Amino acid sequence: MRAYIKTFGVAAMATALTTGSSAQTAWQHGATPYIEIKNEPAPRLIVDPPLAEGLPKGLVWIQYHAENVRIGPVLGEGALKASPRVGHLHVAVDDLPWLWADTSGSNTIDIFGLPPGPHKVKIDLVDANHNVFPGQSKVVSFTMPEWGGPH
């Protein structure tokens with residue numbers, strides 16, 4: 001009888017653990033790159049305000065998350081047919097006439113050395129051919145405090 005109770009307890013525990021973990025799947029965190037995705041949902045860019053911890057040090061850390069598009073260094077007309085979809089970011093500061101492309105997928109834009117005062121960073125989620133996905137431009141405004149300049 002004792003062995004039966006022990007076996008039953010182990011089976012119940014295993015069932016509870018398996019049932020709890022089956023509520024989430026890896027698919028929820030991104031599709032496999034090995035299978036074409038039919039009817040891919042539209043890309044979506046989520047951007048947070050700069051992390052407060054960096055500003056007093058002259059650092060602007062802006063975290064972002066791209067959904068339904070993989071950020072990476074895959075560019076050009078041919079890459080537009082890739083599935084899952086690929087893209088990258090265009091980042092511009094203070095309406096300057098130049099920008100840079102971020103293909104790292106690090107989920108954090110890192111800027112150092114902006115002078116004290118108000119600034120804005122425009123972040124565009126773009127396809128492999130540099131076209132902005134519709135509605136996927138975000139502007140983050142912030143004020144850089146006095147921080148002592150580069151060392």
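For clarity, every value in this text was computed on a predicted model and none was experimentally measured.
With a 4.5 Å cut-off on side-chain heavy atoms, Leu80 and Val86 do not count as touching. Side-chain contact between Glu67 and Pro43 is absent, with no heavy atoms from C-beta onward closer than 4.5 Å. Using a 4.5 Å heavy-atom cutoff, the side chains of Leu89 and Asp124 are not in contact.
Asp48 and Gln63 are not linked by any side-chain donor-acceptor pair at a separation below 3.5 angstrom, with hydrogens and angles left out of the test. Side-chain atoms of Ser104 and Asp102 include a donor-acceptor pair closer than 3.5 Å.
Follow the hydrophobic side-chain contacts under 4.5 Å out from Val74 and you never reach Ile35; the two are in separate clusters. By the rule that hydrophobic residues join a cluster once side-chain heavy atoms approach within less than 4.5 Å of another member, Trp100 and Leu45 end up as members of one cluster.
The one candidate from Pro116, Pro115, Pro56 that meets the side chain to side chain contact (heavy atoms under 4.5 Å, CB included) condition with Glu146 is Pro116.
Counting heavy-atom neighbours within 6.0 Å of Lys138 NZ, excluding the residue itself, gives a total above 12.
Separating the CD1 atom in Ile62 from the CG atom in Asp110 is a distance of 10.0 Å, to the nearest 0.5 Å. The CG atom of Leu51 sits 7.0 Å away from the OG1 atom of Thr108 when rounded to the nearest 0.5 Å. Separating the CD1 atom in Ile111 from the CE atom in Met144 is a distance of 8.0 Å, to the nearest 0.5 Å.
Heavy-atom minimum distance, Val69 versus Gly87: CG2-N, 3.5 Å. The two residues Pro50 and Val140 come nearest to each other via the heavy atoms CD-CG1, 3.4 Å.
The aromatic rings of His88 and His130 lie perpendicular to each other, with more than 60° between the two planes, well past the 30° mark.
The main-chain N or O of Ile37 is found under 3.5 Å from a side-chain atom of Ser83 such that the two form a donor-acceptor pair. Here the side chain of Trp147 pairs a donor or acceptor atom with the backbone of Leu114 at under 3.5 angstrom. One N or O on the side chain of Asp127 and one on the backbone of Asn129 form a donor-acceptor pair closer than 3.5 Å. Without hydrogens or angle criteria, Arg85 side chain to Asn68 main chain gives a donor-acceptor distance under 3.5 Å.
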**Study point:** Full working for side chain to side chain contact (heavy atoms under 4.5 Å, CB included) between Ile123 and Ile109
**Key:** CA-CA 9 Å; Ile123 305 161; Ile109 294 166; 3.5 Å; yes
Exercise for review: Under the side chain to side chain contact (heavy atoms under 4.5 Å, CB included) rule, what do Phe133 and Val126 come out as? Steps first, then yes or no, please.
Suggested key: CA-CA 5 Å; Phe133 288 110; Val126 301; 5.6 Å; no
Point to revise | Audit row: Val121, Val139, side chain to side chain contact (heavy atoms under 4.5 Å, CB included) steps and yes/no | key: CA-CA 6 Å; Val121 175; Val139 175; over 6 Å; no
Review point. What do the steps show when you test Ile46 against Tyr64 for side chain to side chain contact (heavy atoms under 4.5 Å, CB included), and what is the final call?
Key: CA-CA 5 Å; Ile46 301 161; Tyr64 68 89; over 6 Å; no
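Proximity of the aromatic rings of Phe112 and Trp61 is defined here by a centroid distance below 6.0 angstrom, and this criterion is not met.
Salt bridge status for Asp94 with Lys120: absent, with no side-chain N to carboxylate O gap under 4.0 Å.
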